[in-house]
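What follows is a single structure, written as structure tokens, with notes after it.
Chain A is the first sequence line, chain B the second, and so forth, proteins listed ahead of strands; every chain is numbered from 1. Values in this document were obtained by computation on a predicted structure and should not be read as measured data.
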There are 2 protein chains.
Amino acid sequence: MSITVKDLARMTGLSKGTVDRVLHNRGEVSRKSYEKVMKAVKESGYEPNIYASLLAKGSKGTIVVLMPRSISGEFWELGEPGFARGAEAAGNFGLEVRKLEYDQYDIEAFRAACDEALAMNPAGIILPPMFKNETFGFAGKLQEKGIPFIFIDSKIECGGYFAYYGMPAYQSGYLCASLLTDDQNVKAVGMVRILRDKHGQSDPTVNRREGFLDYLSEHFPDCKQATAFIDPSHPQGIDAALDAFFAENPDISHIAMFNSRIHLIAPWLEKHPQRRFRVVGFDNLSANVAALKRGTVTALITQHPDEQLASAINSFVNLLVFGREPEVRDNFMHMDILTRYNAD
Amino acid sequence: MSITVKDLARMTGLSKGTVDRVLHNRGEVSRKSYEKVMKAVKESGYEPNIYASLLAKGSKGTIVVLMPRSISGEFWELGEPGFARGAEAAGNFGLEVRKLEYDQYDIEAFRAACDEALAMNPAGIILPPMFKNETFGFAGKLQEKGIPFIFIDSKIECGGYFAYYGMPAYQSGYLCASLLTDDQNVKAVGMVRILRDKHGQSDPTVNRREGFLDYLSEHFPDCKQATAFIDPSHPQGIDAALDAFFAENPDISHIAMFNSRIHLIAPWLEKHPQRRFRVVGFDNLSANVAALKRGTVTALITQHPDEQLASAINSFVNLLVFGREPEVRDNFMHMDILTRYNAD
DNA sequence: AATATTTCCGTGCCCGTGCACGGAAATCAA
DNA sequence: TTGATTTCCGTGCACGGGCACGGAAATATT
């Protein structure tokens with residue numbers, strides 16, 4: 001049926017061993033033999049039998065996933081099931097998947113994790129570019145070493161990344177505004193943002209806000225916009241901040257947040273049931289879903305970091321085991337809309 | 001590292017061949033030897049190496065997918081990509097996946113397809129129970145022969161099905177009503193149904209309507225309900241039917257359909273732009289998505305038959321290749337909400 | 001020319017499982 | 001006891017690829 005190394009050997013008049021050396025670029029082969037084998041490979045359409053290969057070789061290598069520590073109730077926890085699924089699937093094909101976690105606010109921890117990843121001599125690396133400059137430098141090193149890498153969540157413009165799996169951030173902001181207003185005329189919307197001291201907001205958040213604001217100015221140019229800032233590192237201050245904000249803006253009836261922390265404002269909203277808000281946020285953190293089910297949050301837009309991870313791992317399986325390159329580099333995952341009735 | 005047949009042989013004092021006979025229930029083994037081997041298997045936690053197995057055996061069998069012919073622009077076409085994904089994944093593990101299509105309105109064709117499927121002596125069968133009674137009988141035969149089968153789309157209550165992958169139909173109807181009304185007070189909603197001559201409506205459609213009506217009566221008990229019937233086999237009559245319906249019910253501003261044919265009423269709606277409707281339907285058929293993007297349809301609820309199929313096939317891979325039984329029999333897929341801004 | 005060195009290549013075993021074949025041991029028939 | 005069956009079991013090859021080892025051929029060195 002299918003063509004084997006032995007067939008190639010027969011076709012070229014060489015031996016199994018020599019063909020094997022050519023196939024793996026292991027040298028010790030004359031130019032003439034090399035070309036003969038390559039020709040035969042092309043003409044015959046030879047494809048190695050992965051089972052035989054896996055049986056003989058054992059492991060195909062290690063994939064390193066470099067991501068922020070998955071803290072209970074925070075965004076990156078959502079990636080966990082995707083990591084598990086991907087690791088299992090990859091394991092079935094002799095690929096080990098290792099996770100390297102770091103503190104997402106500690107740039108030194110990120111650097112250290114990058115070094116550690118390199119030290120493992122991985123067959124591939126998956127990472128969200130949490131720190132732009134550092135990621136840029138790291139990408140350069142990876143390219144030098146010829147290690148393919150995949151961005152998830154967001155990407156930085158640098159050559160040589162193997163693939164990207166993320167969400168169309170701008171578009172999701174646009175969608176957010178559309179859901180929030182539901183095409184009804186809206187007088188004033190409130191946006192709640194996180195006060196960050198050290199590092200700026202993440203890229204996706206910025207792009208979402210852009211999309212959101214564009215939708216508003218396109219559909220409701222007269223709509224008033226106001227922004228509140230809260231500081232999650234001082235939870236007890238949140239209520240006060242919101243008190244002040246909503247007192248100042250009594251006309252606000254619609255609220256959006258562009259990160260995954262919409263649950264932070266749920267307590268305040270539930271303490272003021274007389275003011276009815278329409279509220280849209282992002283990501284199906286369990287606290288968010290709970291607020292959704294209680295009716296405090298109207299809708300959530302989800303980006304499925306788990307699927308991003310699983311797809312990224314799968315993409316490496318295709319490359320490293322089957323030798324298949326992906327057709328498209330930039331993959332945008334579905335945005336799902338969650339309401340209290342399809343939150344499962 | 002891991003334990004092999006040779007190890008089992010050494011542990012039991014028997015030979016590789018005998019152990020193999022036990023592992024595959026191939027007989028020709030004394031009771032005593034049989035038990036010795038089984039004990040060793042349990043104690044050692046032996047797991048066969050699938051690569052070696054696949055290499056030696058070639059194919060693991062055939063999975064038959066028994067489904068309505070995927071006609072362009074109709075519901076079952078949506079399953080196609082899932083079939084392709086599943087077949088590829090299964091192929092990677094030496095499982096062949098074959099599709100057997102039939103005319104979904106021809107009960108004889110369904111029977112014939114069932115017979116043909118049986119004749120192929122498949123390792124597993126995947127099917128939506130399009131005809132209740134026939135499926136029931138077919139399920140009986142499959143049980144006799146010990147062939148595992150998986151229901152997709154909907155299920156019938158019969159013992160012995162291996163798994164079910166579908167959508168929570170009732171819940172999706174509930175969601176549909178919630179999206180349609182958007183918690184605004186609604187005076188009158190219109191439902192459009194398909195006129196069926198031979199066979200009744202499909203189960204999911206009925207359940208969706210139930211969920212829909214329950215939501216309405218719970219939230220808007222005074223809301224008027226009216227139903228229009230159209231006949232897709234006479235497309236030219238649809239407009240007239242809708243003309244009559246909407247003339248009779250001038251107060252209707254909200255429309256729902258519970259099957260995947262919402263696109264059938266899009267032309268009428270677009271011919272009467274002066275009447276603004278809120279419209280919710282099901283399934284991302286390309287015609288539906290087009291109507292969504294044009295703004296004629298407000299939202300679509302999607303049930304992803306492709307994911308159902310892919311999951312079902314995957315479930316068989318786990319069973320037939322890895323020997324892993326699924327934890328849950330009844331799997332309900334996500335319902336996604338599509339608006340013009342996340343239709344991609 | 002004889003030896004040393006490099007370049008190149010073939011042989012053969014291994015991975016773990018599936019299975020055909022043949023034969024030893026046990027049971028039965030005469 | 002002998003021969004004919006049946007029951008049970010071990011040996012050995014095949015699957016396709018990876019790779020170590022050793023050796024032949026080609027080239028360099030003296």
Cut-off 3.5 Å, no hydrogens considered: what does the side-chain donor-acceptor table look like for residues 34-48 of chain B, sequence neighbours left out?
unit_1, atom_1, unit_2, atom_2, d
B/Ser44, OG, B/Ala40, O, 2.8
B/Ser44, OG, B/Val41, O, 3.4
B/Ser44, OG, B/Tyr46, N, 3.3

Q) Does A/Ser30 make a side-chain N or O approach to OP1 or OP2 of C/dT7 shorter than 4.0 Å? A) no
Q.
Please encode protein proximity along nucleotides 16-27 of chain C as a string of B, S and -, counting only heavy-atom distances under 4.0 Å.
A. BBBB--------
Table please: side-chain donor-acceptor pairs of residues 127-139 of chain B below 3.5 Å, with sequence neighbours left out.
unit_1, atom_1, unit_2, atom_2, d
B/Glu134, OE2, B/Arg111, NH2, 2.8
B/Thr135, OG1, B/Phe131, O, 2.5

**Q.** Contacts of B/Asn318 that satisfy side chain to side chain donor-acceptor pair (under 3.5 Å) - sequence neighbours left out
**A.** B/Arg324
(Q) With a 4.0 Å cutoff (strictly under), does any side-chain N or O of A/Ser15 reach OP1 or OP2 of C/dT11? (A) no
Q: Tell me, please, which residues at least two apart from B/Phe151 pass ring pair (Phe, Tyr, Trp, His ring centres under 6.0 Å).
A: B/Phe149, B/Tyr161
Q: Write down the distance between CG (A/Leu14) and P (C/dT11), rounded to a whole number of angstrom.
A: 11 Å
Q | Contacts of A/Phe83 that satisfy ring pair (Phe, Tyr, Trp, His ring centres under 6.0 Å) - sequence neighbours left out | A | none
